[in-house]
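Structure first, commentary second.
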2 protein chains.
Amino acid sequence: MTEEWLLDRSSTIPLFQQICDRIVEKIRNGEWPVGTKIPTQRELARRFGVNRSTIVYALDELTADGLIQSRVGHGTVVVNNTWNVIASSRSHDWGRYVAAGAHQPNHQWIQIINKAEEDKAILRLGTGEPSPDLLPAHTMLHSLQSRGDVLSLSYSEPRGSLRLREALSRYLLSKGIKAAPSSILIVSGALQALQLISLGLLREGSTILTESPSYLNSIHVVQSTGVRPCGMPMDKEGLIAGRIGPMKRQTDAAMLYTIPTFHNPTGCLMSASRREELMRVCMHERLPVVEDDVYGDLWLDASPPAPLKSLDREGLVLYIGSMSKSLGPGLRLGWVVAPEPVIDRLSDIKMQTDYGTSALSQYAVAEWLETGLYDKHLAGLREELRRRRNHMSTLLDRYMQSYAEWSLPQGGFYIWLRILLPLSVRKLFELALKEGILLHPGSVYDPGLGEPYLRLSYAYASFEGMEHGISRLAALIFQLGGKQ
Amino acid sequence: MTEEWLLDRSSTIPLFQQICDRIVEKIRNGEWPVGTKIPTQRELARRFGVNRSTIVYALDELTADGLIQSRVGHGTVVVNNTWNVIASSRSHDWGRYVAAGAHQPNHQWIQIINKAEEDKAILRLGTGEPSPDLLPAHTMLHSLQSRGDVLSLSYSEPRGSLRLREALSRYLLSKGIKAAPSSILIVSGALQALQLISLGLLREGSTILTESPSYLNSIHVVQSTGVRPCGMPMDKEGLIAGRIGPMKRQTDAAMLYTIPTFHNPTGCLMSASRREELMRVCMHERLPVVEDDVYGDLWLDASPPAPLKSLDREGLVLYIGSMSKSLGPGLRLGWVVAPEPVIDRLSDIKMQTDYGTSALSQYAVAEWLETGLYDKHLAGLREELRRRRNHMSTLLDRYMQSYAEWSLPQGGFYIWLRILLPLSVRKLFELALKEGILLHPGSVYDPGLGEPYLRLSYAYASFEGMEHGISRLAALIFQLGGKQ
């Protein structure tokens, strides 16, 4: 429980009165202006750590004072504040503004998922980030000490710290990508790279081809700029390259977005020959490619084929990398490799958006790349992810054999689970959430999915958590699937 | 000179040949795809650190090879690459894409200024950031050591680190602002706050009232979302509040953006009575206010009147603060205080944009606020800025008396210089830049300015730099102004 909701249990003021005072203060400060729907009784009880009856009593008081009102179907709403008791319509109603902005709200599922993830006790079975245990927070702080004089707290140049871009240039060479520092732009994570590409290079109403299912459908940053993703079929080797040409011509697509290495959400690894075929097709079609390689360092069995960018001789591929999946999402640090005219355009927009990426994060990542700390960390991380993947594999074999199908990924975080019993994934999601288990429904990644799918991740939950989660999941699937 | 352009002067390969090889490599890698305009001869000579004649020789070779071509009025363009010598039209032309994106390019002046600032030798007389000497880079790294176990490298919750929001809540209270952690959103600098507000709360085609001149005109983030700034008159006490009502009704303005404390670019401080009047008017007009208070901590003579937000009883003010001007722009850390429904909307968009602000920056700022390091730093910074302001004041008195008018600010960075001789600020800018002096023309902040203005800053240049810069500026003004 946070400071904000902490009551003084030793006080002579009754708890319900303290709660009233706290809510009145929020209304007075304008934190809950007139028109605000306040949290539910259940939620308030949770926040204040009291029984629901205490909340009911407090809300009755405030209703009697004319500050709040229960409206059927609308919950409880602030209708007045103490400065304007007679002119309630005067206080500012933000609802109209909140509805007006051009930017789309996040995917409804994603909003629920983001919210649920705030609860530390929730068991995350499909989340897109590594467990905090896997991240080197302590070593990170320690490593920052070593060379105090190199840090700059000023604005960095538009493309990002030169020291970091030089370190990345060497790191990329180990993947077969030749990129001078001037062809690299530092961004605040891969998501920002996608936003810059959408804002800077795509016309409203453009189509972008992508795998079906695709991570791209779970985010709204591309859609918010008026760009439409269009799904393409995959097989075990990845995107079916032969379908790109006809689809491009049919939709007049402006770009292809792909995650060839440890695809999100399917875990699929595109084969070397498919990569070559895809590049041939895209060069022939003059179709630029956005290659999202944020999972590339997380191979578990063998090093994956070289990125598409290493096959690119025409400046056709915009390559995106990030430290979020390997070193820490909290760093908010990624990079784009692209032809210089593209980098110029994207860095100009980045300067208009946030004036660059945190100097501390840039400093830390340069340090980790230069000193070999990153490679050392990766070796340990792969070992740990391998154990987790194998554990989840054992659990799926044990509990899911009759209910689902899946393939074991060779890297990354995800297992794409196809449920064999006919059931509503929404119901499954809701039932699991009631038990404190958070799932990622397949439809988040492909709204047109005809069958029930889940994205599972072995990167977050503990061994015990996975066992509990998978066994309960199996039970819920049986319960729901048996009913129909 | 960076690695990228370093030639091997001990090699038996002639320099021009090394330059050819380097350029061919850039073309091969797709860093300079077909259609790219390569840097000018002068620029290449600077980058490689050779005479221009060596560059001419190298470019002649590449032209003979059919890789580049000089086009009248277009500079030198890549027309071919070694993989496609016979089908030059095959390589990807990004020009069409770069022109297509919805986002506007940065203000032309600002692009030139951003570029010029990459040159470390340039004398910055009007820049919007504090000198690196004023920023505590070393202490910063040292301070991060103290409590290794509190850092989280995971994604932070949508509103930002709770620890930081609690620290900010206490810090804001010292300014008279009551804001619970749930009413605070951590952003990657004030500029991002403006982007989120534009995307999340304003309809395309909306009008936003602001001071004339205003910082808002120098950035394109608001304009890129289709929102139009509309200038309002100021006097010595700030925005003329009585004009807001008629202007709001005339333009159907959706918001007011103001920097009441140490205004950018005029340095003006809004009086306490004007603040009250402004809030009365905005409440009466139901006109939401964006209060940009990024200079508030940088008072030099006396603590400024309390922010507008402290007078806000109706949740009408969206308050923006930042560490960029005081602790370090490189941290990319700011905050928005607003009613909860607004914070919900903005944090949802923020999650879609960059998944939060750097955990390292959030950790550092929380640490500095909690331990008192920030207050201690501020005391020293104010002392230093006071000396710099007084020095610039002396210099202006000495050199500018007959050429310009100005008022001395009581805080912040800026002096708004009105030049009394009729001259072209563009010419002045260009002449100064040739001498290595970078100016900020007034028209950047108000395109409709009828008279020549400059924004000066005493926060960046050294004492000697200021003296050289101001004396040369006076000479150039005399030279240009005398001619007309």
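Lettering follows sequence order; numbering is per chain, from 1.
- Interface remark: B:Glu340 contributes backbone and side-chain atoms alike to the contact with chain A (heavy atom separation under 4.5 Å).
- With chain B as partner, the option from A:Leu135, A:Ile110, A:Leu194 having the largest number of non-hydrogen pairs under 4.5 angstrom is A:Leu135.
- Here CG of B:Asp348 is found 7.0 Å from CZ of B:Arg345. Values are rounded to the nearest 0.5 Å.
- Between the CE atom of B:Met351 and the OG atom of B:Ser156 there is a distance of 7.0 Å, given to the nearest 0.5 Å.
- The part of B:Thr357 that comes within reach of chain A is its backbone (N, CA, C, O), which places non-hydrogen atoms under 4.5 angstrom from that chain.
- Interface remark: B:Lys115 contributes no atoms to any contact with chain A (heavy atom separation under 4.5 Å).
- The greatest number of non-hydrogen atom pairs below 4.5 Å with chain B, out of A:Thr353, A:Asn114, A:Val317, is found for A:Thr353.
- Your options are B:Lys37, B:Gln192, B:Glu129, and the one with the most heavy-atom pairs under 4.5 Å with chain A is B:Glu129.
- Within the 4.5 angstrom heavy-atom criterion, only side-chain atoms of B:Met140, from C-beta onward, approach chain A.
- Contact of A:Glu117 with chain B is not made at all, since no heavy-atom distance falls under 4.5 Å.
- Within the 4.5 angstrom heavy-atom criterion, only side-chain atoms of B:Leu318, from C-beta onward, approach chain A.
- For the set A:Leu196, A:Leu346, A:Val342, the entry with the most heavy-atom pairs within less than 4.5 Å of chain B is A:Val342.
- Under the 3.5 Å distance criterion, the side-chain polar atoms of A:Ser224 are left unmatched by any main-chain donor or acceptor of A:Val221.
- In this structure, chain B has heavy atoms under 4.5 Å from both the backbone and the side chain of A:Glu31.
- Atoms CG and CG, from A:Leu141 and B:Leu144 in turn, are 6.0 Å apart once rounded to the nearest 0.5 Å.
- Heavy atoms closer than 4.5 Å to chain B are found nowhere in A:Leu333, neither backbone nor side chain.
- Neither the backbone nor the side chain of B:Ile343 comes within contact range of chain A; no heavy atom of the residue lies under 4.5 Å from a heavy atom of that chain.
- Interface summary for chain B: among A:Gly330, A:Ser188, A:Gly30, the most heavy-atom pairs under 4.5 angstrom belong to A:Gly330.
- Between B:Pro33 and A:Pro341, the closest heavy-atom pair is CD-CD, 4.2 Å.
- Heavy-atom distances place no part of A:Ala190 under 4.5 Å from chain B, backbone and side chain included.
- Contact detail for B:Ala254 and B:Leu287: the closest heavy-atom pair is C-CD1, 3.8 Å.
- B:Pro158 and A:Glu118 make their closest contact through CD-OE2, 3.7 Å (heavy atoms, listed as atom of the first residue, atom of the second, distance).
- B:Ser361 and A:Ser358 share a side-chain donor-acceptor pair at under 3.5 Å.
- A distance of 4.0 Å separates CD1 in A:Ile177 from OH in A:Tyr319, rounded to the nearest 0.5 Å.
- Between the side chain of A:Arg332 and the main chain of B:Ala359, no donor-acceptor pair closer than 3.5 Å is present.
- Residue with the most contacts toward chain B among A:Ala338, A:Gly356, A:Gly226: A:Gly356 (heavy-atom pairs, distance under 4.5 Å).
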Self-check item: Verdict with reasoning, A:Leu172 to A:Lys309, per side chain to side chain contact (heavy atoms under 4.5 Å, CB included)
Solution: CA-CA 10 Å; A:Leu172 289 164; A:Lys309 183 68 187 166; over 6 Å; no
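- The residue from B:Arg163, B:Arg165, B:Lys350 that alone fulfils the salt bridge (charged side-chain N to carboxylate O under 4.0 Å, His left out) condition with B:Glu157 is B:Arg165.
- Counting heavy-atom pairs closer than 4.5 Å to chain A, the top residue among B:Gly334, B:Ala180, B:Gly328 is B:Ala180.
- Looking at B:Asp354, both its backbone and its side chain come within 4.5 Å of chain A, counting heavy atoms on both sides.
- Of the listed residues A:Val337, A:Leu331, A:Ile219, the one with more heavy-atom pairs under 4.5 angstrom with chain B than any other is A:Leu331.
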